**Student:** 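I have a structure I would like to understand better, so I am pasting it below and will then ask my questions one at a time.
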2 protein chains.
Amino acid sequence: MHYDAHTTVDDTTLQRALATFKQTLHDRGLRLSTVREAIARVALRYDGHFEVNDLMRALRAANVQDAHLATVYRTLPLLVESGLIQPTLLSSSERHFYEPAFERKHHDHLICTSCGRVVEFEFEAFEVLQRDIAERYGFELTAHFHELLGRCASCRAAASR
Amino acid sequence: MHYDAHTTVDDTTLQRALATFKQTLHDRGLRLSTVREAIARVALRYDGHFEVNDLMRALRAANVQDAHLATVYRTLPLLVESGLIQPTLLSSSERHFYEPAFERKHHDHLICTSCGRVVEFEFEAFEVLQRDIAERYGFELTAHFHELLGRCASCRAAASR
DNA sequence: CTTCCTGCAAAGGCTTTGCAAAGCT
DNA sequence: AGCTTTGCAAAGCCTTTGCAGGAAG
């Protein structure tokens, strides 16, 4: 999968994220174990969107040999709850995808159905309209998913050749 | 799952839909078998969003005893390709959801995370903005998913009591 | 020490697939 | 006849869970 380059979290942000994680865990009577911290670090620094297997691979690449698949599955919801990552790319719904989310600005996705490229976009007008719609129906918005599917410029060029 | 009342397809629309289905199948060297037609009818007339098991139940209710689960799984992509139904409700991504789509106006969904109510909305301004965004990035849009999650008025009222 | 965590293995749930019989055209 | 379609059963895949030993505070 391709995606535009992101900036990976810097060290101080990472520390803040871990502190947040620890706090969330603590509030629930849970602990920030060695394994959980390792998983959190790798997930937070992941460049782009990932699913469980990608994360496993990244963990192995980071020499975290001892993070078992089942543990990763158990940790992911905690990372989401703590706001370190968020579920995303729903329309590729064969698997569950995530992306780093800690202190990252909200954005949505433009996905090329031909080459898989993912472009992130943000557009305040959407947010405003969404709030309007929600209000119109008496809803209090808590989240939204917005994915645009299509063909990117290069795939279109390739096709018309 | 709750949803606002929809109008179910009338008979002439259903006939048109079946003709479309037959055409799509024919174009691919496939046939409109008895079972496929039965599945198409029930799916098209389904009131609201459904997943495979819902459809199985509806088939049984319609006395279509002979539609095997595997056959339904094989038929669904064909129905999507023909435009009779469309995948939807992605954020409940545990399962694959669909809804009737033939000659239905495009709409998106507002979903109450507390009671599950689904409200359909359409708002031209979104469509325009989406096209703008896509163009800005050189994309040619083919589809989009847009789901707003929140709490509906009655759940909010219940919570504040 | 007491509670939580983790690896392991097994189970679960949804979906897909191989195959032989049945169905169309 | 020659093809597609289907039921059936088995396999596949991702994800969850029970458990017993290990880790953490």
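A quick note: this is a predicted structure, and the numbers were derived from the prediction, not measured. Below, chains carry the letters A, B, ... as their sequence lines are ordered, and counting in each starts from 1.
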**Student:** Which protein N or O atoms sit under 3.5 Å from an N or O of nucleotides 21-25 of chain D?
**Tutor:**
residue : atom : partner  : partner atom : Å
dA24(D) : OP1  : Thr34(A) : OG1          : 3.2
dA24(D) : N3   : Arg31(A) : NH1          : 3.3

**Student:** Hey, are Glu120(B) and His106(B) close enough side-chain-wise for a donor-acceptor pair under 3.5 Å?
**Tutor:**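 Looking only at side-chain atoms, Glu120(B) and His106(B) do not form any donor-acceptor pair under 3.5 Å.
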**Student:** Side chain to side chain donor-acceptor pair (under 3.5 Å) between His144(A) and Asp108(A): does it pass, once the steps are laid out?
**Tutor:** CA-CA 9 Å; His144(A) 73 261; Asp108(A) 291 299; 3.2 Å; yes
**Student:** Name all pairs fulfilling the salt bridge (Lys or Arg N to Asp or Glu O under 4.0 Å) condition that reach into residues 135-151 of chain B, sequence neighbours left out, sorted by first residue then second.
**Tutor:**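 Residue pairs with at least one partner in residues 135-151 of chain B: Glu140(A)-Arg151(B), Arg151(A)-Glu140(B).
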**Student:** Taking atom types as modelled and ignoring hydrogens, do the side chains of Thr13(B) and Asp10(B) form a donor-acceptor contact shorter than 3.5 angstrom?
**Tutor:**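 There is such a pair (donor and acceptor under 3.5 Å, judged by atom type) between the side chains of Thr13(B) and Asp10(B).
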**Student:** Does a side-chain N or O from His96(A) land closer than 4.0 Å to OP1 or OP2 of dT15(D), or not?
**Tutor:**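 Yes.
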**Student:** For DNA chain D, determine which residues of residues 70-81 of chain B have any heavy atom closer than 4.0 angstrom to one of its atoms, and list them numerically.
**Tutor:**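 Residues of residues 70-81 of chain B that come under 4.0 Å of DNA chain D are, in numerical order, Ala70(B), Thr71(B), Arg74(B).
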**Student:** In this structure, how many angstroms lie between the P atom of dT17(C) and the NE2 atom of His68(B), rounded?
**Tutor:**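 Value for this atom pair: 16 Å.
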**Student:** Which nucleotide sits closest to the side chain of Arg95(B): dT5(D), dT15(C), dC14(C)?
**Tutor:**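 From the listed options, dC14(C) comes nearest.
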**Student:** Could you check how far CG of Leu69(A) sits from P of dC13(D), rounded to whole Å?
**Tutor:**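 After rounding, the gap between these two atoms is 14 Å.
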**Student:** Got a sec, which pairs hit salt bridge (Lys or Arg N to Asp or Glu O under 4.0 Å) with one end in residues 121-133 of chain A, sequence neighbours left out?
**Tutor:**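 For residues 121-133 of chain A, and leaving out neighbouring residues, the salt bridge (Lys or Arg N to Asp or Glu O under 4.0 Å) pairs sorted by first residue read Lys105(A)-Glu122(A), Glu124(A)-Arg131(A).
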**Student:** Using a 4.5 Å cut-off on heavy atoms from C-beta on, say whether the side chain of His109(A) contacts that of His49(A).
**Tutor:**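 A side-chain contact under 4.5 Å exists here.
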**Student:** Please enumerate all residues that pass salt bridge (Lys or Arg N to Asp or Glu O under 4.0 Å) together with Arg57(B), with sequence neighbours excluded.
**Tutor:**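 So Arg57(B) forms a salt bridge (Lys or Arg N to Asp or Glu O under 4.0 Å) with Asp54(B).
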**Student:** Identify all side-chain donor-acceptor contacts of residues 36-44 of chain A below 3.5 Å with residues at least two apart in sequence or on another chain.
**Tutor:**
residue  : atom : partner  : partner atom : Å
Arg36(A) : NH1  : Arg31(A) : O            : 2.7
Glu37(A) : OE2  : Arg41(A) : NE           : 3.2
Glu37(A) : OE2  : Arg41(A) : NH2          : 2.9

